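Accompanying notes for the structure given below.
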Number of protein chains: 2
Amino acid sequence: MGKVKVATPTTNPSDLCCRPFTAGVLSAADAEELATTFKALADPARLRLMSMVASAPDGEVCACDLVEPSGKSQPTVSHHMSVLVDAGLLTREKRGRWAWYRPVPERLDALRGVLAP
Amino acid sequence: MGKVKVATPTTNPSDLCCRPFTAGVLSAADAEELATTFKALADPARLRLMSMVASAPDGEVCACDLVEPSGKSQPTVSHHMSVLVDAGLLTREKRGRWAWYRPVPERLDALRGVLAP
DNA sequence: ACAACAGATCGACACCCGTCGATGCAACTC
DNA sequence: GAGTTGCATCGACGGGTGTCGATCTGTTGT
């Protein structure tokens, strides 16, 4: 029987710290947390990987289908995906020997909420 | 009479390259451009500076009022502000010996548009 | 049990980036 | 004109990051 390991998200789903920064000056701690999330999106390779997952017809995508179209090596892809998962932007579910990724819309919504009211 | 130099935005106001990445896989070029913008927000110090400008009561803020509350040196603040201006997130206007910064809402809106439909 | 395979981890390398003191530059004051 | 002030630029240092080849771990198939 196939083993299934659901990824434990390093951070909670949609609770991003901050209100829109129109609403006041960010604390040092809040800024730190927010920056980590933006940092995950601040790389071209990760943005492309992110868009591959977000635009997947089935709502999920296998890691094996990311290496070739991304043009990066397998370790590099694995690294980038871990960064995105740690940032709470994706979830990883390991089914058999394959890893499947899904977007976390709540996280993206929370991010958008910071950029404006 | 006071001299006034209006900042020339390095990039155009609101034309951020990309549609929401739910809509398809980003091209390498688009990903590069988007990443530059996110990179500007991927630093705690810049996020705090950004929030100081965005939440300014008068809609603008003087650079002289940013050094002390940010806790960074004057050259560091100047560097961060340049990054934000180059990313099109802020505009700089030099009046006399002071530099005044304003947010660029269209740019933030465009960014939000990428994060979701 | 053994081979094949997907993916994560490790080690190493080059490069970028945040930071600050010192300096340069332009505008205002006297 | 000389001094002052606000800001940008320069040079240098330290730490972080993207990248890949090699290796390890765990699963499937024979």
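In the text below, chain A, chain B and the rest are named by the order of the sequence lines, each starting its count at 1. On a predicted model such as this, the values are computed, not experimentally measured, just so you know.
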Subject >> hydrophobic_cluster_shared for B/Val104 and B/Trp100, side chain cutoff 4.5 Å >> reply: no
Subject >> Gap separating the CG atom of A/Leu84 from the NE2 atom of A/His79, nearest 0.5 angstrom >> reply: 9.5 Å
Subject >> salt bridge (charged side-chain N to carboxylate O under 4.0 Å, His left out) contacts touching residues 40-51 of chain A (sequence neighbours left out) >> reply: none
Original post:
For A/His80 and D/dT17, what is the distance between atoms NE2 and P respectively, to the nearest whole Å?
Top reply: 12 Å
What are the atom names and distances for every N/O pair under 3.5 Å that joins the protein to nucleotides 8-13 of chain C?
{"from": "C/dA8", "atom 1": "OP1", "to": "A/Arg92", "atom 2": "NH1", "distance (Å)": "2.6"}
{"from": "C/dA8", "atom 1": "OP1", "to": "A/Tyr101", "atom 2": "OH", "distance (Å)": "3.1"}
{"from": "C/dA8", "atom 1": "OP2", "to": "A/Ser78", "atom 2": "OG", "distance (Å)": "2.6"}
{"from": "C/dA8", "atom 1": "O5'", "to": "A/Ser78", "atom 2": "OG", "distance (Å)": "3.4"}
{"from": "C/dA8", "atom 1": "N7", "to": "A/Gln74", "atom 2": "NE2", "distance (Å)": "2.9"}
{"from": "C/dA8", "atom 1": "N6", "to": "A/Gln74", "atom 2": "OE1", "distance (Å)": "3.2"}

**OP:** State the CG-CZ distance between B/Leu26 and B/Arg19, to the nearest 0.5 angstrom.
**Re:** 8.5 Å
**OP:** Would you give the length of the straight line joining atom OG of B/Ser27 to atom CD of B/Glu33, rounded to the nearest 0.5 angstrom?
**Re:** 9.0 Å
Subject >> For atom CH2 of A/Trp98 and atom P of D/dG26, their distance in whole Å >> reply: 18 Å
Subject >> Donor-acceptor contact present, side-chain B/Ser82 to main-chain B/Ser78, <3.5 Å >> reply: yes
Subject >> Any pair counted as salt bridge (charged side-chain N to carboxylate O under 4.0 Å, His left out), so long as it reaches residues 54-74 of chain A, sequence neighbours left out >> reply: A/Glu60-A/Arg95, A/Glu60-A/Arg102
**OP:** Determine, stepwise, if the pair B/Leu111 / B/Leu34 fulfils side chain to side chain contact (heavy atoms under 4.5 Å, CB included).
**Re:** CA-CA 8 Å; B/Leu111 251 193; B/Leu34 241 189; 4.0 Å; yes
Subject >> Rounded distance (nearest 0.5 Å) linking atom CG of B/Asp109 with atom CZ of B/Arg107 >> reply: 11.5 Å
Subject >> Interatomic distance, B/Leu89 atom CG to B/Met50 atom CE [nearest 0.5 angstrom] >> reply: 4.5 Å
Original post:
B/Glu93 CD to D/dC7 P: how many Å, rounded?
Top reply: 14 Å
Subject >> Residues touching DNA chain C, which here means a heavy atom under 4.0 Å, drawn from residues 65-73 of chain B >> reply: B/Lys72, B/Ser73
Original post:
How far does OH of B/Tyr101 sit from CG of B/Leu66, to the nearest 0.5 angstrom?
Top reply: 8.0 Å
**OP:** Scan residues 49-58 of chain B against DNA chain D and write down, sorted by residue number, each residue with any heavy atom closer than 4.0 Å; if none is found, say none.
**Re:** none
Original post:
Would you say D/dG18 has OP1 or OP2 under 4.0 Å from some side-chain N or O of A/Arg46?
Top reply: yes
Original post:
Do A/Leu49 and A/Val83 belong together in a cluster built from hydrophobic side chains that touch within less than 4.5 Å?
Top reply: no
Original post:
Between B/Leu115 and A/Leu41, does a side chain to side chain contact (heavy atoms under 4.5 Å, CB included) hold up when you go through it step by step?
Top reply: CA-CA 10 Å; B/Leu115 294 177; A/Leu41 295 173; 4.1 Å; yes
Subject >> Atom-to-atom span, CZ of B/Arg97 to P of C/dT29 - whole angstrom >> reply: 6 Å
Subject >> Between the first and last five pairs of the helix from C/dA1-D/dT30 to C/dC30-D/dG1, the angle of the axes, rounded to 10 degrees >> reply: 30°
**OP:** Nearest-nucleotide wise, let me know which of A/Cys64 and B/Asp43 is further upstream toward the 5' end of DNA chain C.
**Re:** A/Cys64
Subject >> Distance in angstrom units between A/Glu32 CD and D/dG16 P, rounded >> reply: 12 Å
